[in-house]
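Structure, as structure tokens:
Both counts, for ligands and for their atoms, begin at 1 and track the order of listing. All values reported here derive from a predicted model rather than from experimental measurement.
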Amino acid sequence: MLSVKNLYVAYGQSEIIHGISFEAKQGEIVAIMGRNGMGKTTLMKSLIGINRARSGHIELNNEDITELPTYMRVKNGVAYVPQGRQIFSSLTVEENILTGMEYTLDKKEELLTNAYNMFPVLFDMSTRKGGNLSGGQQQQLAIARALVAEPKVLILDEPTEGIQPSIIKDMARMLNQIKVMHNLTIVVSEQVLNFTVNIADRLYVMESGNFIHEDVRGSIDEKKITSYLSV
Ligand SMILES: Nc1ncnc2c1ncn2[C@@H]1O[C@H](COP(=O)(O)OP(=O)(O)OP(=O)(O)O)[C@@H](O)[C@H]1O
Ligand SMILES: [Mg+2]
């Protein structure tokens with residue numbers, strides 16, 4: 001379980017996240033929606049340790065990880081799929097996946113097999129350069145690279161950005177499957193509501209670094225959220 005308590009994050013003098021709190025339980029997808037520039041990436045980066053907290057706490061299974069550097073968080077079971085995917089375009093698909101195995105390389109064959117079973121297109125393209133993949137294929141590659149670290153918590157920053165609508169549906173199915181298969185905690189930032197309602201167990205709307213709205217699965221107020229996202 002990931003627990004965020006009264007988190008403040010700033011770039012220099014400019015405070016972006018103003019005291020956010022939420023929990024994401026094991027086997028649960030928590031979605032954070034918000035328009036451009038509202039602080040989603042700033043929050044996601046603080047969960048993986050790229051941004052440091054100014055104050056507040058981040059706990060992983062009741063252990064405080066607020067001061068841990070990124071590599072230690074990865075080691076402790078937090079994986080991150082950045083906005084824009086950040087695939088290594090000159091490495092092959094398989095080499096890209098292997099970069100996620102820094103702490104799990106002893107299980108290389110098993111993890112590769114699992115990744116290819118989950119994403120058959122990556123098996124078909126395993127020797128192709130990452131840069132030659134479509135947006136949807138790159139997103140699958142980025143998720144595969146994160147999963148081979150065997151995380152407990154997976155952080156996804158705007159996974160549907162730049163992905164064709166037809167593929168977005170597949171991605172929702174895939175994330176629901178991953179959540180169940182690995183009993184994973186997933187925190188995802190998004191702007192696409194019809195994708196998010198298909199995956200979110202809990203949904204927050206973020207505006208200027210604060211949560212201004214919260215819904216749970218089954219009672220997601222799509223009209224209200226649409227208005228927040230289109231202001
Ligand atoms: N490295 C940085 N230094 C200073 N300010 C930054 C930095 N990165 C982001 N910001 C500012 O922080 C605010 C939040 O940006 P952030 O990237 O977190 O938003 P976002 O919700 O992820 O937006 P988008 O949907 O466009 O990805 C913006 O005002 C942005 O200009
Ligand atoms: Mg962002």
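Each of the following atoms of ligand 1 lies closer than 4.0 Å to a heavy atom of Gln83: 27 (O). Of all atoms in ligand 1, numbered sequentially from 1 with element shown, those under 4.0 Å from a heavy atom of Lys40 are 18 (O), 19 (O), 20 (P), 21 (O), 22 (O), 23 (O), 24 (P), 25 (O). Contact atoms of ligand 1 toward Thr41: 17 (O), 18 (O), 20 (P), 22 (O), 27 (O) (distance under 4.0 Å to a heavy atom of the residue). With ligand atoms numbered from 1 in the order given, ligand 1 contributes 24 (P), 25 (O), 27 (O) to contacts under 4.0 Å with heavy atoms of Glu158. When each atom of ligand 1 is checked for a heavy atom of Thr42 under 4.0 Å away, the hits are 14 (C), 15 (O), 16 (P), 18 (O). Less than 4.0 angstrom separates some heavy atom of Gln191 from each of these atoms of ligand 1: 25 (O).
Side-chain contact, Thr41 with Asp157: a donor N or O sits under 3.5 Å from an acceptor N or O. Using modelled atom types and a 3.5 Å distance limit, the side chains of Thr160 and Glu190 yield a donor-acceptor pair.
One distance of note links OG1 of Thr66 with CG of Leu47; it measures 10.5 Å at 0.5 Å rounding. The distance from atom CG of Leu154 to atom OH of Tyr80, rounded to the nearest 0.5 Å, is 11.5 Å. Note that OG1 of Thr92 and CG of Asn132 are 11.0 Å apart. Values are rounded to the nearest 0.5 Å.
Lys40 contributes a side-chain N or O that, together with a main-chain N or O of Gly34, makes up a donor-acceptor pair within less than 3.5 Å.
Residue Met206 does not touch ligand 1, judged by heavy-atom distances below 4.0 Å. At a 4.0 Å heavy-atom cut-off, ligand 1 touches Ile16 through the side chain alone.
Among protein heavy atoms, the minimum distance from atom 26 (O) of ligand 1 is reached at Asn36 ND2, 2.9 Å. For atom 3 (N) of ligand 1, the nearest non-hydrogen atom of the protein is Tyr11 CG, 3.5 Å. Taking atom 23 (O) of ligand 1 as the reference point, the nearest protein heavy-atom neighbour is Gly37 N, 2.7 Å.
A distance of 6.0 Å or more separates the ring centres of His18 and Tyr8.
Comparing heavy-atom distances from atom 19 (O) of ligand 1 across Gly84, Gly34, Gly39 singles out Gly39 as nearest.
Because the distance cut-off is set at 2.8 Å, Gln83 qualifies as a neighbour of the Mg ion (ligand 2) through one of its N, O or S atoms. Among the atoms of Thr41, an N, O or S atom falls under 2.8 Å of the Mg ion (ligand 2).
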Evaluate Glu23 against Arg202 for salt bridge (charged side-chain N to carboxylate O under 4.0 Å, His left out), listing each step before the verdict. CA-CA 10 Å; Glu23 282 185 351; Arg202 216 140 24 84; over 6 Å; no

For salt bridge (charged side-chain N to carboxylate O under 4.0 Å, His left out), just list the numbers for Glu207 and Arg35, CA-CA rounded to whole Å, side-chain angles, deciding distance to a tenth of an Å, and then say yes or no. CA-CA 8 Å; Glu207 194 162 287; Arg35 287 177 283 125; 3.4 Å; yes

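Put simply, no part of Met44 is less than 4.0 Å from ligand 1, judged by heavy atoms. Residue contacts with ligand 1 include Arg35, since one or more of its heavy atoms lies under 4.0 Å from the ligand.
By the 30° and 60° cut-offs, the orientation of the rings of Tyr116 relative to Phe123 is perpendicular.
Using a 4.0 Å cut-off between a side-chain N of Lys or Arg and a carboxylate O of Asp or Glu, Glu150 and Lys107 qualify as a salt bridge.
There is no protein heavy atom closer than 4.0 angstrom to atom 31 (O) of ligand 1.
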